[in-house]
Amino acid sequence: MTGPNGPDGPDDPGAPDGQPDVDRLLAAMGPRLRAARTRDGRSLGEVCRATGLAPSTLSRMENGRRKPTLEALLLLAREYRLPLDELAGTAPARPAPPRRTDPGPAKTVLPLTHYVGGLHAHKHVLPAATAPPPRPRPSSHPGHEWLCVLSGRLRLALGDRELLLTAGEATEFDTRTPHAVTNAAPDRPVEYLVLFGPQGERLRTRD
């Protein structure tokens, strides 16, 4: 017997609860997948070669003409270095980031590798400060870091020691030791390279 709202209305026992939410998630999946690839700076062919997905399959998923399988989402989440729920659009809303209290410019970090495991590299630029910067709060975490100054002067607090590094100088340390960096030359930026091994990987030198 048809209910007062018709066979497709809310009284229809065959309509699954939450189906409109699922439909909305699926409708937004294509643009989300395309945006993740664009943010990662990858072409369709590059992602397909890395994941084993067919270009036509990924193209149809990004255009909303094909629903992605769980296997495809897992492969893409790993390739884009994103949590699966964030890629699928089911992650809870993130709290707004804390507002900066200092008026100075922020540090710039430029990834130099597509990190999936092992050593990865970044270039860091600390801007010149108009006032003496406050002493940064040291942090510690598992891993091993190699640091090389390209230009400017960098102050590295390492445990109870403090090092002043200039252009061309490098150092390495266990990141379980509390460490922090600041620009030691307030009249100019400091640029430096960081190679980091999250599992304690180190550079291997050859003669």
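In the hydrophobic clustering of ILVMFWY residues, with side-chain heavy atoms under 4.5 Å counting as a link, Met29 and Leu84 come out together. Hydrophobic cluster membership differs between Val125 and Leu147, with clusters built from Ile, Leu, Val, Met, Phe, Trp and Tyr side chains linked at under 4.5 angstrom. The same ILVMFWY cluster, assembled from side-chain heavy atoms under 4.5 Å apart, contains both Leu70 and Leu58. At a threshold of 4.5 Å between side-chain heavy atoms, the hydrophobic network of Ile, Leu, Val, Met, Phe, Trp and Tyr places Leu33 and Leu74 in one connected group.
How far OG1 of Thr182 is from CG of Leu154: 7.0 Å, rounded to the nearest 0.5 Å. Remark: Lys107 NZ to Asn183 CG distance equals 12.0 Å, nearest 0.5 Å.
The salt bridge (charged side-chain N to carboxylate O under 4.0 Å, His left out) check on Glu162 picks up Arg135, Arg155, with sequence neighbours excluded. A search for ring-ring contact (aromatic ring centres under 6.0 Å, His included) contacts involving Tyr192 returns His124, not counting sequence neighbours. Not counting sequence neighbours, the partners of His122 by the ring-ring contact (aromatic ring centres under 6.0 Å, His included) test are His120. The side-chain contact (heavy atoms from CB on, under 4.5 Å) search around Ser43 returns Glu46, not counting sequence neighbours. Not a single side chain to side chain donor-acceptor pair (under 3.5 Å) links Ser140 to another residue, sequence neighbours left out. Every residue meeting the side-chain contact (heavy atoms from CB on, under 4.5 Å) condition with Ala170, not counting sequence neighbours, appears here in chain and number order: Trp146, Cys148. Scanning for side chain to side chain donor-acceptor pair (under 3.5 Å) contacts around Glu191 gives Lys123, with sequence neighbours left out. The salt bridge (charged side-chain N to carboxylate O under 4.0 Å, His left out) test applied to Arg153 returns no partner, not counting sequence neighbours. Residues forming a salt bridge (charged side-chain N to carboxylate O under 4.0 Å, His left out) with Arg37 (at least two apart in sequence, or on another chain): Glu62.
In the model, Arg34 has a side-chain atom that pairs as donor or acceptor with a side-chain atom of Asn63 under 3.5 Å.
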List the steps and the verdict of side-chain contact (heavy atoms from CB on, under 4.5 Å) for Leu76 and Leu82.
CA-CA 8 Å; Leu76 293 171; Leu82 290 174; over 6 Å; no

With side-chain contact (heavy atoms from CB on, under 4.5 Å) as the criterion, how do Phe196 and His141 come out once you've worked through the C-alpha distance, each side chain's angles and the decisive distance to 0.1 Å?
CA-CA 11 Å; Phe196 175 64; His141 48 84; 3.6 Å; yes

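For residues 136-147, the set of pairs meeting the salt bridge (charged side-chain N to carboxylate O under 4.0 Å, His left out) definition, not counting sequence neighbours, is empty. Among residue pairs with one or both ends in residues 170-181, those qualifying as salt bridge (charged side-chain N to carboxylate O under 4.0 Å, His left out) are Asp174-Arg176; sequence neighbours excluded.
Residue Arg65 qualifies as enclosed at atom CZ: its count of foreign heavy atoms under 6.0 Å is above 12. Within a 6.0 Å sphere centred on CD of Glu169, other residues, nucleotides and ligands contribute more than 12 heavy atoms.
When all heavy atoms of Val109 and Pro111 are compared, the closest pair comes out as O-CD, 3.7 Å.
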Which atom pairs, donor and acceptor, lie under 3.5 Å between side-chain atoms of residues 48-56 and protein residues at least two apart or in another chain?
unit_1 : atom_1 : unit_2 : atom_2 : d
Thr51  : OG1    : Val47  : O      : 2.8
Thr51  : OG1    : Leu53  : N      : 3.3

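A heavy-atom distance below 4.5 Å is not found between the side chains of Thr171 and Leu158.
Of the residues Val149, Val181, Leu150, Thr166, the one that meets the side chain to side chain contact (heavy atoms under 4.5 Å, CB included) test with Val190 is Val149.
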